[in-house]
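Order of the sequence lines sets the chain letters (A, B, ...), proteins ahead of strands, with each chain counted from 1.
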Protein chains: 2
Amino acid sequence: MRGKPMTIGRISKAAGVKVTTIRYYESIGLMGTPDRSESGQRLYGGDAVERLSFIRHARDLGFSVDSIRDLIALQTTPQADCAAIDAAARRQLANVGERIARLRALEGELERMVRSCEGGAVATCAVLASLADHDQCASDDHGPRDIAL
Amino acid sequence: MRGKPMTIGRISKAAGVKVTTIRYYESIGLMGTPDRSESGQRLYGGDAVERLSFIRHARDLGFSVDSIRDLIALQTTPQADCAAIDAAARRQLANVGERIARLRALEGELERMVRSCEGGAVATCAVLASLADHDQCASDDHGPRDIAL
DNA sequence: CTACAGTCTACAGCGACTGTAGAGACAAGA
DNA sequence: TCTTGTCTCTACAGTCGCTGTAGACTGTAG
Ligand SMILES: [Zn+2]
Ligand SMILES: [Zn+2]
Ligand SMILES: [Zn+2]
Ligand SMILES: [Zn+2]
């Protein structure tokens, strides 16, 4: 660990990850146990900032913690083939594509609902009617279950 | 409560909502406390099926439980103006639109990452390099935080 | 009567954090 | 040196929208 050791607050600011989140990442094995000062405070080197940035960027791109753990593990053998890493990225891409498709279906139905109501009493609200009965909307727009937005 | 009372299993099948989920909806006040048989089993009328369908359709469209609670409350005064309901639907529509936009940004960045790697060793993997450094990707694609996918 | 399916309550778990309480540690100013 | 204020520590509860489990009881068909 070269360079001056940094406290958790410093790497938190440096990487843009909250202190509590860093401790959480440590607890789930994404971050590895850091050195401690005599009084027990965590001490990090610059590599910790790099790893945090990596984790955060991957999270921002929607990778699960599990995937990120895998990606980190794959980095430990730099001479290996990167096919597994590329595959993980492609899986994530597909995942995002599916979510977009599902959300677009919702968007379409919501648009129709909103357009169809011309105001008036709750009793005759077209939005409410659409919500009460999916068959009434253009049929096969959104999936039946497992939205997992 | 007209019609033969139905058990929780029956309305579960009728509405396509799991038994445990129905009890959960009751516990959080979406469903109201049903009558009970002598032995303590819940007994529902057909209106329960309607309400469950309503809830499920709204959930499928991405409405939060809180919003649905509001929507249900608004239905209790059918002579009122439906503006609040329509506004809720428009809010949800905007919400979905934002999520789509964010996901499209992710999609773009992931596509670039995947395209840029031509295979080889982990040490030189372009996907990994992109993940390690957001500045390296086309800069302003995905937001800094709060993905809330 | 005997299976077996359905129902009951109460609580733990998911993912990915966030927030809290209560205690100890450290840097800077008076 | 004392004090003040900011960090840091651990451990645990809460978020959202469910899902699954355990262990007991009830209802129904053969
Ligand atoms: Zn309306
Ligand atoms: Zn629908
Ligand atoms: Zn690669
Ligand atoms: Zn990026």
Side-chain angles (χ1 to χ4, degrees), chain A residues 4-31 33-44 48 52 55-72 92 95 99 143-149, chain B residues 4-31 33-44 48 52 54-72 92 95 99 144-149:
Chain A
K4 287 172 192 164
M6 294 181 278
T7 63
I8 198 169
R10 285 178 96 74
I11 66 161
S12 166
K13 268 190 191 130
V17 178
K18 292 188 180 173
V19 168
T20 47
T21 306
I22 297 173
R23 288 197 278 251
Y24 169 69
Y25 285 159
E26 183 186 334
S27 80
I28 61 172
L30 275 192
M31 276 301 288
T33 62
D35 291 343
R36 298 283 187 136
S37 74
E38 274 191 38
S39 61
Q41 299 198 350
R42 289 168 179 82
L43 296 176
Y44 299 90
L52 275 176
I55 293 171
R56 205 164 92 54
H57 195 194
R59 287 290 303 124
D60 284 350
L61 287 167
F63 286 87
S64 72
V65 163
D66 272 1
S67 304
I68 297 173
R69 225 192 311 262
D70 292 348
L71 288 174
I72 289 173
Q92 181 57 21
N95 190 319
R99 288 201 273 207
R145 208 164 309 254
D146 75 57
I147 28 169
L149 297 175
Chain B
K4 286 172 192 166
M6 294 180 279
T7 64
I8 198 170
R10 286 178 95 74
I11 66 162
S12 166
K13 270 190 190 131
V17 179
K18 291 187 179 171
V19 167
T20 47
T21 305
I22 298 173
R23 287 198 278 250
Y24 170 69
Y25 285 160
E26 182 185 335
S27 81
I28 60 171
L30 275 192
M31 276 301 289
T33 61
D35 291 343
R36 298 284 187 137
S37 74
E38 275 190 38
S39 62
Q41 299 198 349
R42 290 168 180 80
L43 296 177
Y44 299 90
L52 276 176
F54 177 88
I55 294 171
R56 206 164 92 54
H57 195 194
R59 287 290 304 125
D60 283 349
L61 287 167
F63 286 87
S64 73
V65 163
D66 272 2
S67 304
I68 296 173
R69 225 192 310 260
D70 292 348
L71 288 174
I72 289 173
Q92 180 58 20
N95 192 318
R99 287 201 275 206
R145 208 164 309 256
D146 75 57
I147 27 170
L149 298 175

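By the 4.5 Å heavy-atom criterion applied to side chains, B:V65 and B:R59 are counted as neighbours. Residues B:I72 and B:I55 are in side-chain contact: their nearest non-hydrogen atoms beyond the backbone lie under 4.5 Å apart. With a 4.5 Å cut-off on side-chain heavy atoms, B:I22 and B:Y44 count as touching. Inter-residue side-chain proximity for A:Y25 and A:V17 is flagged as met; some heavy-atom pair is nearer than 4.5 Å. Side-chain contact between A:R23 and A:R42 is present, with heavy atoms from C-beta onward closer than 4.5 Å.
Spacing between atom OH of B:Y24 and atom P of D:dC16 amounts to 8 Å, rounded to whole angstrom units. Taking atom CG of residue A:D60 and atom P of nucleotide C:dA16, one finds them 13 Å apart after rounding to whole Å. Put simply, CD1 on A:I11 is 13 Å from C1' on D:dT8, counting in whole angstrom units. As rounded to whole Å, 13 Å separates atom P of C:dA16 from atom CZ of A:F63. Rounded to a whole Å, the CZ atom of B:R42 is 13 Å from the C1' atom of C:dG6. D:dC18 atom P lies 15 Å from atom CD of B:E26, rounded to whole Å. Remark: P of D:dA13 and CZ of A:R23 are 17 Å apart, rounded to the nearest angstrom. Across the protein-nucleic acid pair, A:K18 atom NZ and D:dT8 atom C1' stand 17 Å apart, rounded to whole Å.
Considering all non-hydrogen atoms of both residues, A:L43 and A:P34 come closest at O-CB, 3.7 Å. When all heavy atoms are compared, the tightest approach of A:R36 to A:E26 is NH2-OE2, 4.1 Å. The shortest non-hydrogen separation linking A:L61 to A:Q92 is O-NE2, 3.1 Å.
OP1 and OP2 of C:dC17 both lie 4.0 Å or more from every side-chain N or O belonging to A:T21. Between B:R59 and D:dC16 there is no side-chain polar atom (N or O) within less than 4.0 angstrom of OP1 or OP2. For B:Y25, no side-chain nitrogen or oxygen approaches OP1 or OP2 of D:dG17 to under 4.0 Å. At least one side-chain nitrogen or oxygen of A:T7 sits closer than 4.0 Å to the OP1 or OP2 atom of D:dT8. Phosphate contact (OP1/OP2 of D:dC18, side-chain N/O of B:R56, threshold under 4.0 Å): absent.
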Scan nucleotides 22-30 of chain D nucleotide by nucleotide, 5' to 3', and note B when protein non-hydrogen atoms come under 4.0 Å of the base, S if they reach only the sugar-phosphate, - if neither. ----SS---

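Consecutive Watson-Crick or G-U pairs involving DNA chain D, each under 3.5 Å on both distances, make up stems of three or more pairs at C:1-30 with D:1-30.
For the pair B:K13 and B:T20, both in contact range of DNA chain C, the more 5′-proximal nearest nucleotide belongs to B:K13.
The number of heavy atoms from other shown groups lying within 6.0 Å of CZ (B:R69) is above 12.
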